[in-house]
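What follows is a short report on a single structure.
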Amino acid sequence: MQGGPVARVVISVRWGDMDAFNHVNNAQYLRYLEEARVQWLAGIPGMSLSDRIAPVLVASNVNYRLPIEWPNEIAVELFIEKIGNSSLTMGHRMSSSTDASVLYSDGNVVMVWIDTQTGKSVPVPEAVKAAAT
């Protein structure tokens with residue numbers, strides 16, 4: 001991962017996130033990552049999640065390192081790995097909010113910006129590029 005995180009979002013684990021094995025269900029990790037990405041994108045000046053030009057998730061990689069138990073607060077850190085013409089590869093790290101050495105998960109996702117009316121890819125907006133550096 002290049003440089004420091006572009007975002008750090010603390011998320012409280014809810015009882016309903018748990019599965020029958022008394023830890024956070026694997027699918028919930030993707031929801032935590034989505035929440036962190038949406039908060040990062042929503043905080044970029046000039047960026048709106050309801051614009052005609054919007055990102056879609058095209059790939060995700062999640063490495064499950066440790067189970068997350070309840071109650072807990074986790075920190076999701078986002079890193080920029082690569083910016084292409086219409087895509088952005090974002091690394092992520094999910095750890096304890098109080099002890100970064102407790103790593104629950106890491107990996108990355110690829111987002112592609114599209115024109116929501118045509119479905120065609122478009123260049124990553126300049127505001128996103130600026131926020132990613």
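The residues of the chain are indexed from 1 along the displayed sequence.
- Taking CZ of Arg93 as the start and CG of Asn63 as the end, the distance is 12.5 Å to the nearest 0.5 Å.
- Of the possible donor and acceptor atoms, one in the side chain of Asp17 sits under 3.5 Å from a partner among the backbone N and O of Arg14.
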Side-chain donor/acceptor pairs under 3.5 Å, residues 124-133, sequence neighbours excluded:
{"residue": "Thr133", "atom": "OG1", "partner": "Ala130", "partner atom": "O", "Å": "3.1"}

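- Looking at residues two or more places apart in sequence or on another chain, you find no salt bridge (Lys or Arg N to Asp or Glu O under 4.0 Å) involving Asp51.
- Follow the hydrophobic side-chain contacts under 4.5 Å out from Met47 and you never reach Val112; the two are in separate clusters.
- In this structure, CZ in Arg65 is found 12.0 Å from CE in Met94, a value given to the nearest 0.5 Å.
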### Message
As a quick check of understanding, evaluate side-chain contact (heavy atoms from CB on, under 4.5 Å) for Leu78 and Arg37, giving each step before the final call.
### Response
CA-CA 8 Å; Leu78 304 176; Arg37 285 192 311 273; 4.2 Å; yes
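- In this structure, CG in Leu41 is found 10.5 Å from CD in Gln39, a value given to the nearest 0.5 Å.
- Glu73 and Ser12 make their closest contact through OE2-OG, 3.0 Å (heavy atoms, listed as atom of the first residue, atom of the second, distance).
- Residue Tyr29 holds its OH atom at 11.0 Å from NE2 of His92, rounded to the nearest 0.5 Å.
- Shortest non-hydrogen contact noted between Glu69 and Asn22 is CG-O, 4.0 Å.
- The minimum heavy-atom distance between Arg8 and Ala75, with the atom names listed, is NH2-CB, 3.4 Å.
- In this structure a side-chain-to-backbone donor-acceptor pair under 3.5 Å is missing from Thr116 to Ile53.
- Atom CD1 of Ile74 is separated from atom CD of Gln28 by 8.5 Å, given to the nearest 0.5 angstrom.
- The CG atom of Leu33 sits 6.0 Å away from the OG atom of Ser105 when rounded to the nearest 0.5 Å.
- Hydrophobic cluster membership is shared by Leu57 and Trp113, with clusters built from Ile, Leu, Val, Met, Phe, Trp and Tyr side chains linked at under 4.5 angstrom.
- Grouping the Ile, Leu, Val, Met, Phe, Trp and Tyr side chains by contacts below 4.5 angstrom, directly or via other members, places Met90 with Val122.
- Tyr64 and Asp106 form no side-chain donor-acceptor contact under 3.5 Å, judged by distance and modelled atom types alone.
- The nearest pair of heavy atoms linking Gly91 to Glu81 is CA-OE2, 3.5 Å.
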### Task
For Thr89 and Val109, run side-chain contact (heavy atoms from CB on, under 4.5 Å): C-alpha distance rounded to whole Å, both residues' side-chain angles, the deciding distance at 0.1 Å, then the answer.
CA-CA 6 Å; Thr89 302; Val109 299; over 6 Å; no
### Message
Go through it in stages, so that I can follow the logic: the residues are Asn72 and Tyr104, the test is side-chain contact (heavy atoms from CB on, under 4.5 Å), and I'd like the CA-CA distance, side-chain angles, deciding distance and then a yes or no.
### Response
CA-CA 12 Å; Asn72 207 341; Tyr104 297 117; 3.1 Å; yes
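- Note on Trp70: it clusters hydrophobically with Tyr32, by side-chain heavy-atom contacts below 4.5 Å among ILVMFWY residues.
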### Task
Check step by step if side-chain contact (heavy atoms from CB on, under 4.5 Å) holds for Leu66 and Val102.
CA-CA 8 Å; Leu66 288 173; Val102 179; 4.0 Å; yes
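- Linking Ile, Leu, Val, Met, Phe, Trp and Tyr whenever their side-chain heavy atoms come within less than 4.5 Å leaves Val56 and Ile44 in two separate clusters.
- Residues satisfying the side-chain contact (heavy atoms from CB on, under 4.5 Å) criterion with Asp19, sequence neighbours excluded, are Phe21, His23, Asn25.
- Between Val6 and Phe79 there is no side-chain heavy-atom pair separated by less than 4.5 Å.
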